[in-house]
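Not measured: the values here are computed from a predicted model. The figures that follow rest on heavy atoms only: side chains count, while hydrogens, waters and symmetry mates do not. Chain naming here is simple, since letters A, B, ... match the order of the sequence lines and numbering starts at 1 in each.
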Number of protein chains: 2
Amino acid sequence: MSGSDRALLARPQLTPRRRAIRDAALRLFAERGYEATTTTEIGAAVGIRGPSLYKHVSSKQDLLASIMLDVMDDLHDVHALAVAGIDDVADRLRRAVEAHVRFHTRHRLEAFVGNREIRSLDEANRAAVVDRRSSYERLIRGIVEEGVAASRFHVASVKLASYALLDLGMGVAAWYREDGDLSEDEIVYTYGRFALTLVGVAG
Amino acid sequence: MSGSDRALLARPQLTPRRRAIRDAALRLFAERGYEATTTTEIGAAVGIRGPSLYKHVSSKQDLLASIMLDVMDDLHDVHALAVAGIDDVADRLRRAVEAHVRFHTRHRLEAFVGNREIRSLDEANRAAVVDRRSSYERLIRGIVEEGVAASRFHVASVKLASYALLDLGMGVAAWYREDGDLSEDEIVYTYGRFALTLVGVAG
DNA sequence: TATCAAGGCTACTGAGCATTAGCCTTTCCA
DNA sequence: TGGAAAGGCTAATGCTCAGTAGCCTTGATA
């Protein structure tokens, strides 16, 4: 089973309570960081005491790991859907970047935590997350490479261009606010165009 | 005294020992995060025990704060030097972005910690760092605005373009490695050109 | 209606942490 | 040469935290 196949399988369903706990943990991890968030606080956010969390969750580390693994899988899903059946490489890049950026606005907390808390994961979980991340990077880089090979794109460095595209998404996750004065569509559209200029596509 | 004037004043000199401690703390904060770094580890990195640190430093929090405040001031300095006396707005943008990116390669640990550990600062220090960061953002946005006003730049959103430029620097700080296969000059030059295409400058 | 699982709670455990207290050695200068 | 400052050290303090033990209530089911 390849990384991208795995991403398309359904993730196990959560009980409503478990989901509430995960959401609360996500918000707190994003706001103050994993290390600085206490189980007491996570509990309080769903109206129970810290120790009661353990009736639903096996550990704080597990909570972080499941958040991070799921977000990477979701990102793969979104990417696969966005580029499915698109033949033109410039279209594919634009759609991939749009999906990337849209994902980072719609799931900014998950993406934020996913980027920042890698070092808080234990060895095994970190390896799994890093693996998914590399696989996603390769997908984006693959599109850029293909465009260059077909002489549709012109870049000084494929690697640099790909990093730049990926970094824009992370940036969005850091500053985007739903109630801000930049709309999701506006950001998505503009960054999609940025992407094409970045790789020197004509038009 | 404005933010940018302050940045040009000399920062107080550190004793060699204090500097070694700061450097060690910086490395550790970057690697495992502020919360996850212990005073014992910082001490060990300079060959002393944790409590002995307090003969040189007033607190762990202070160590973080001085690292973060100094890096913001250095960034202001570098920017000011880069654009001083440059009249053409496109030149000024390119130089500003080049300086921005170069700074993020040369001081990647400082920049990395400076971006990621804001939430580990106490109230007063956080306010001071956020203040410097906003002031820097305004400098970059100011150049973009000026280019747009002069009809030299064409962007869908000044804010979005400025964020994109700033985010590229942060991205660099996250992935750049001195022994990697992308040289500092290569990255700086390429990103400088990215910047100009991004704002739709002709040529 | 008796039972049992689910899911709360409080009290506790054991560990780790930043920081302080207080002591000792070395070094340097008056 | 003597005394103080600088800069180490160990031991202790006081706190916070993740996770466990064990108890109790509730509600569904047999």
Side-chain angles (χ1 to χ4, degrees), chain A residues 12-69 113 116-126, chain B residues 12-69 113 116-126:
Chain A
Q13 203 58 31
L14 296 179
T15 64
R17 197 57 168 202
R18 256 190 82 96
R19 166 147 299 283
I21 291 171
R22 253 184 68 140
D23 288 352
L26 171 61
R27 229 171 318 114
L28 288 163
F29 290 165
E31 196 174 299
R32 52 192 76 180
Y34 175 77
E35 309 270 3
T37 300
T38 69
T39 52
T40 304
E41 288 169 328
I42 301 173
V46 296
I48 63 179
R49 304 301 173 110
S52 302
L53 284 175
Y54 290 81
K55 298 280 159 133
H56 305 278
V57 153
S58 73
S59 71
K60 188 184 158 192
Q61 170 70 209
D62 229 58
L63 214 36
L64 178 64
S66 80
I67 288 171
M68 293 186 68
L69 290 170
V113 169
R116 271 174 139 88
E117 297 294 352
I118 292 199
R119 60 192 173 191
S120 302
L121 289 171
D122 59 31
E123 193 48 54
N125 289 324
R126 179 162 51 242
Chain B
Q13 203 59 31
L14 297 179
T15 65
R17 197 52 168 213
R18 255 189 83 96
R19 165 148 299 283
I21 291 171
R22 252 182 72 138
D23 288 352
L26 171 61
R27 230 172 317 113
L28 288 163
F29 291 164
E31 197 174 300
R32 51 192 78 179
Y34 174 77
E35 309 268 3
T37 300
T38 69
T39 52
T40 304
E41 289 169 329
I42 301 172
V46 297
I48 63 179
R49 305 300 173 109
S52 302
L53 285 175
Y54 289 79
K55 297 282 159 134
H56 304 279
V57 152
S58 73
S59 71
K60 188 184 157 192
Q61 170 70 210
D62 228 59
L63 214 34
L64 178 64
S66 80
I67 288 171
M68 293 186 68
L69 290 170
V113 169
R116 272 175 139 86
E117 298 293 353
I118 291 199
R119 59 191 173 193
S120 302
L121 289 172
D122 60 29
E123 194 49 53
N125 288 325
R126 180 162 50 242

Donor-acceptor pairs are to be reported for all side-chain atoms of residues 46-55 of chain A against protein atoms at under 3.5 Å, with residues two or more places apart or in another chain.
none

Report task. Check DNA chain D against residues 33-57 of chain B and give the residues with a non-hydrogen atom under 4.0 Å, in numerical order. Result ->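 The answer is B/Ile48, B/Arg49, B/Pro51, B/Ser52, B/Lys55, B/His56.
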
To the nearest angstrom, how far is [X] atom [atom1] from [N] atom [atom2]?
X: A/Arg18; N: C/dA6; atom1: CZ; atom2: P; answer: 14 Å
X: B/Asp122; N: C/dA18; atom1: CG; atom2: C1'; answer: 14 Å
X: A/Gln61; N: D/dA18; atom1: CD; atom2: P; answer: 12 Å

**Report entry** salt bridge (Lys or Arg N to Asp or Glu O under 4.0 Å) partner of B/Glu41, chosen from B/Arg27, B/Lys60, B/Arg32
**Finding:**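 Exactly one pass, corresponding to B/Arg32.
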
Query raised in the report: If only atom types and distance count, is the side chain of B/Glu35 paired as donor or acceptor with the main-chain N or O of A/Ala36 below 3.5 Å?
Result: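 No; zero donor-acceptor contacts below 3.5 Å.
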
Query raised in the report: So, is B/Arg17 near the phosphate of D/dA6, with a side-chain N or O under 4.0 Å from OP1 or OP2?
Result: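 For B/Arg17, the contact criterion (side-chain N or O under 4.0 Å from OP1 or OP2 of D/dA6) is not met.
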
Evaluate the side-chain proximity of [Y] to [X]: yes if any heavy-atom separation is below 4.5 Å, no if none is.
X: B/Val113; Y: B/Leu64; result: yes
X: A/Leu28; Y: A/Thr38; result: no
X: B/Asn125; Y: B/Met68; result: no

